[in-house]
Each structure stands twice: as C-alpha cells, then as structure tokens.
Amino acid sequence: MLSGWGRTRLSSCVVLCPRSPRELAEALSGELARRGGVIPRGAGRSYGDAAQNDGGLVLDLTGLRGLQVLPGDPPVLRAMAGSTLSEAAAVLAADGLALPVLPGTRHVTFGGAIAADVHGKNHRVDGSFGRHVREITLCTPDGRLRNLSPQSERELFCATIGGMGLTGAIVSATIAVRHLYAPMLPADVDRTDHIHQALELMADDVRHRYSIAWVDLLSGGRRFGRCTVMRSNDRPAAEALDARGELRWRLPGRRRLAVPKEFPSWVLSDQLVRAFNGLRWHRTRARPTATLVSAGAHFFPLDALGSWNRLYGDGGLLQYQALAPDDRPEVLIEIVQRLRAARLPMYLAVIKRFGEGSGGMLSFPKPGWTIAIDLPAGAPRLHDTLDAIDSWLVSEGGRVYLAKDARLRAELMPAMYPALDAFQRIRAAIDPDRLLRSDLSRRLGLEEVGRR
Ligand SMILES: Cc1cc2nc3c(=O)[nH]c(=O)nc-3n(C[C@H](O)[C@H](O)[C@H](O)COP(=O)(O)OP(=O)(O)OC[C@H]3O[C@@H](n4cnc5c(N)ncnc54)[C@H](O)[C@@H]3O)c2cc1C
C-alpha cells in the first residue's frame with residue numbers, strides 16, 4: 001500500500017526495486033508493466049498521488065545509487081536517480097561544491113527532483129533544478145536507454161524535466177554544480193503586519209539570492225496574514241575542510257525527533273499552531289534585523305522533525321501550492337481570503353518568488369509568485385472550496401503544482417499547463433501502449449493522446 005507524503009490516499013501496487021539499469025529496463029518493458037501500467041518512484045516525498053499506481057506496478061528506484069564529481073567549468077555531478085540530494089550535498093561539500101537548487105527537504109532523490117523540476121528559495125535568481133541538468137539517461141518503456149540533453153533529443157528532454165515520471169525512468173543525470181558557500185548565511189529578517197507588505201519587500205528585491213515569507217494564517221482580526229520575511233545571500237566558503245580535515249560545512253541538523261506512528265491527530269489543533277506561529281512572529285524583532293542563519297535551518301527547517309506528516313493523523317494533509325503571475329501577486333491574498341471565508345484551518349503557509357521557467361513542459365515555476373498552504377485533508381468543505389479556487393485561479397493565469405496535488409480536476413489542466421498537448425504528443429510517441437501511468441496521470445488525463 002503506497003501513498004504520498006500527505007497520506008491522503010492509499011493505493012495497492014506491486015513494487016519492484018531494480019538494482020541496476022538492466023533490471024530497470026527489464027521491469028519497465030516486462031509483463032507486470034503491460035498488465036497494470038508502471039510508474040517510477042523516488043523517496044515518496046511528493047504530497048499527492050504522483051508516485052503510486054493503483055492496481056499496477058511501481059518501480060522503487062532508491063536502489064539505483066551512486067555519485068561522482070567530474071571536473072569542469074562549472075564542475076558537474078553525475079548522479080544515479082535513487083541517490084538523494086542529502087547524500088550529494090555531503091559528497092559535493094568535500095570537494096568544495098554545492099547543489100545549485102535545494103527544495104524544502106533534502107530527502108528527495110535526483111529522479112524525483114528532475115521529474116518534478118523542483119524549486120528552492122532562490123528561484124528568481126537561479127531557476128529550478130531542471131535549469132542545471134546537462135544530461136539525462138532515460139529508460140523508455142521499450143527498455144531502451146536514451147541520452148537526452150538540451151542539444152540532443154531536446155523535446156524529450158523538456159518533457160522529462162517536470163514530466164512526473166511519465167516519459168520513462170530516469171536512470172542517472174549530470175547536473176552543473178556551484179562553489180560551496182559558508183555554513184552561515186547573512187540574512188535580513190523582517191516582520192510585517194500583512195501579506196501586502198511581505199509581497200512589497202520581495203517584489204523588486206535584487207539584493208538577495210534567497211527569499212521566503214512565512215505567513216501566519218491563524219491569527220485573527222487585524223493580525224491575520226502577518227509574516228516573517230527572510231531574505232538572505234550566501235558567501236563563498238573560505239575552505240571546505242578545517243585543520244583536522246573535517247568538513248566545515250555541517251549537513252543540516254541531523255534528525256533528532258520524529259513523530260511516532262499512530263500519533264493522535266487531535267494534538268495538532270488550531271490553538272497549538274496559533275501559539276507556534278505567534279512565537280515565530282514575536283521572536284522576530286519588530287525592526288528589520290541583519291543576522292546570520294545556519295544553512296540547515298534556513299534551507300530545510302521542516303527536516304528537523306522526522307515524519308512530521310503524521311501530525312495530521314489518519315486523515316492526512318493536503319498542501320495547496322498555487323502560482324500567481326508576476327503582475328498579479330494579490331491573487332495569493334485572494335486565495336487565503338477565500339480559504340478563510342470557508343473557515344478552513346491553514347496551518348503552515350509560505351510564499352516564494354519565481355523567475356524564468358526551465359523549459360520543462362509540465363514544470364510548475366514561471367515568472368510570478370507562489371504560495372504553499374498546508375491544510376488537514378479531512379476538513380469540512382475543503383474540496384469544494386479548493387475546486388472553486390482552482391476555477392478562479394485558472395482565469396487569473398495561475399496554476400497548481402502537480403508534485404503537491406492530490407485533487408485537481410482534469411479539465412483545468414490544458415489552461416494551467418499550455419504545453420500539455422505537446423507533452424502528450426511526445427509521450428504518445430515514446431509510450432504508444434500507454435504503459436507509463438500513475439494515479440495522478442489517470443486523474444488528470446496526462447497520458448491521453450495529444451489532440452494535434
Ligand atoms: C517537507 C517537504 C518540503 C518540500 N519542499 C519543496 C520545495 O521547496 N520545492 C519543491 O519544488 N518541492 C518541494 N517538495 C516536493 C518534493 O521536492 C517533490 O515532490 C519531489 O519530486 C520528491 O522527490 P522524491 O524522490 O520523493 O520523488 P517521489 O515523490 O517518489 O516521486 C515524485 C515524482 O517523480 C517521479 N520520479 C521519481 N523518481 C523518478 C525517476 N527515477 N525517473 C522518473 N521519474 C521519477 C515519480 O513518478 C513522481 O511522478 C517538498 C516535499 C516535502 C515533503
């Protein structure tokens with residue numbers, strides 16, 4: 001039984017764990033795949049139903065591991081699809097190097113990072129993960145290994161970046177990396193009374209590489225939507241190793257605490273989260289503050305608590321991540337106001353800024369703004385409210401992130417993702433028997449044949 005990180009829906013799947021590209025090719029083109037379809041899976045950190053395939057085959061690719069740094073300008077990392085960004089960060093740091101893009105958890109695989117074209121807090125400056133991918137080795141449903149790059153098989157390359165595993169299984173990839181930065185980052189921290197002010201701080205900010213706003217959506221009255229805005233830069237690391245040969249750049253805090261199985265969901269209440277949000281806000285000084293923040297706490301604050309998704313109990317958690325176009329930041333405010341009007345509990349919300357897209361056909365980021373809001377999946381009126389927001393969002397030029405989604409309606413896909421048609425045509429050419437499919441692709445009709 002498999003689910004995504006949000007634990008909203010369980011699917012019964014046959015799971016195979018290939019240990020080599022050959023085993024992977026056999027599984028992908030084999031009898032089990034023909035019977036019930038097949039989808040690759042990484043660390044299972046996507047929130048919804050992207051990495052599961054009810055009644056069919058799932059290829060757990062976490063057994064395909066290996067990392068190698070190759071010199072060059074910039075140097076590149078050759079990574080097997082099942083290695084995690086966390087493992088890579090350690091290997092790279094020893095060579096004075098770092099990954100250019102980090103999502104909010106380091107426990108994702110390279111396969112998952114490319115298939116969702118993940119973004120970090122530096123999207124406006126550095127783009128998403130796909131921008132830094134130089135080459136992909138992809139196993140297609142005919143069992144063939146193909147080398148894709150922006151120069152060769154470009155269309156399939158662009159369909160695979162952000163393609164949610166529906167063009168084949170990524171076996172390995174080459175990623176351009178950057179020089180290591182010091183473990184403490186200079187940051188400007190501001191607190192604002194409303195989202196408007198946070199958006200203003202982030203709008204034309206060219207002084208910072210990273211920016212994020214934590215939004216408190218549980219405080220009432222005038223305080224609704226107060227934010228802590230963290231904008232930061234990095235500095236080159238003086239040296240990767242100290243005098244004893246130890247890595248100076250410690251990997252983000254080792255997980256000390258984890259939420260146990262069977263955690264009762266009633267513990268996570270409005271009151272508790274309200275108190276936590278209030279603490280965060282009050283801890284931030286009223287005047288703008290220049291400070292140093294540790295890379296671990298900055299990049300991966302949620303990794304400090306293992307299995308935190310269990311806090312939401314059996315009902316699970318839904319993360320609604322929406323994008324608003326560059327000139328329409330107020331769309332984000334309208335979203336939270338609509339959720340508030342429906343009296344839905346919004347436990348965690350962050351806003352980030354997006355720059356240019358990567359060219360991935362189903363990639364989420366494009367110039368604009370994004371908000372990600374965590375909601376208990378069992379909350380009354382949640383689905384109807386989000387359905388109504390989706391329909392309106394589309395008319396505003398916005399869209400929903402597929403790696404977080406568990407409930408979007410298929411009819412909105414073509415407007416949200418204008419390259420869907422091209423994606424489907426490419427898919428139909430490499431997967432004429434439609435072997436590659438997931439619960440997400442069935443729900444959204446992604447594996448259907450393009451219309452043109
Ligand atoms: C706490 C937390 C914070 C997060 N923060 C961010 C963030 O800041 N930015 C962001 O963009 N995302 C974020 N995410 C989402 C996460 O980065 C993506 O969902 C990512 O795809 C998960 O990678 P995974 O290895 O777990 O892949 P899975 O969840 O297992 O799979 C995700 C998709 O990738 C496909 N896939 C996996 N491996 C392969 C492969 N080898 N070949 C082809 N397709 C493959 C699957 O079929 C599926 O469609 C966050 C998730 C969590 C839990």
Side-chain angles (χ1 to χ4, degrees), residues 2-7 13 15 18 21 24 28 37-53 57-65 79-87 101-123 127-130 136-140 148 159-173 210 212 299-309 317 319 321 323 348 350-352 354 358 360 362-365 370 372 374 401-406 436-441 444 446:
L2 290 178
S3 78
W5 182 251
R7 302 165 80 225
C13 317
V15 181
L24 164 61
L28 200 56
V38 55
I39 196 72
R41 182 176 174 97
R45 263 15 190 225
S46 48
Y47 277 65
D49 50 2
Q52 60 203 60
N53 176 25
L57 180 62
V58 170
L59 297 179
D60 174 341
L61 298 185
T62 52
L64 296 184
R65 281 185 136 84
M80 294 297 286
S83 294
T84 64
L85 303 194
S86 179
E87 291 159 357
V101 170
L102 295 168
T105 174
R106 64 192 200 276
H107 303 299
V108 306
T109 64
F110 279 86
I114 296 169
D117 194 12
V118 298
H119 57 270
K121 300 173 180 65
N122 54 341
H123 190 278
S128 55
F129 205 83
I136 295 173
T137 301
L138 184 76
C139 186
T140 41
L148 322 176
T160 301
I161 304 271
M164 303 308 287
L166 295 165
T167 60
I170 297 163
V171 177
S172 60
Y210 308 95
I212 186 164
F299 289 118
F300 312 114
L302 297 173
D303 284 351
L305 182 62
S307 304
W308 61 261
N309 51 347
L317 126 93
Q319 186 174 97
Q321 183 162 359
L323 177 147
L348 184 81
V350 295
I351 291 176
K352 291 183 203 156
F354 279 166
S358 64
L362 294 192
S363 278
F364 175 62
T370 183
D374 284 2
Y401 189 12
L402 299 183
K404 307 287 179 73
D405 178 54
L436 290 159
R437 49 187 194 261
S438 60
D439 291 357
L440 173 102
S441 78
L444 295 179
L446 301 182

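In what follows, residues are counted from 1 in the order of the sequence shown. Each ligand, and each atom within it, is numbered from 1 in the order the structure gives. Only this structure's heavy atoms are used, side chains among them; waters, hydrogens and symmetry mates stay out.
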Pairing of E87 and R65 as salt bridge, 4.0 angstrom limit: yes
Please enumerate all residues that pass side chain to side chain donor-acceptor pair (under 3.5 Å) together with T62, with sequence neighbours excluded. D60
Does the ring centre of H123 sit less than 6.0 Å away from the ring centre of F364? no
So that I know where these two stand, are F299 and Y210 an aromatic pair - ring centroids less than 6.0 Å apart? yes
Salt bridge (Lys or Arg N to Asp or Glu O under 4.0 Å) partners for D439, two or more places apart: R9, R442
Applying a heavy-atom distance cut-off of 4.0 Å, which protein residues contact ligand 1? W5, I39, P40, R41, G42, A43, G44, R45, S46, Y47, A50, A51, L61, A81, P103, G104, T105, V108, T109, G111, G112, A115, A116, V118, H119, M164, G165, G168, A169, I170, L302, W308, K352, Y401, A403, K404
Taking only residues two or more places apart in sequence or in another chain, which ones pass side chain to side chain donor-acceptor pair (under 3.5 Å) with T160? T167
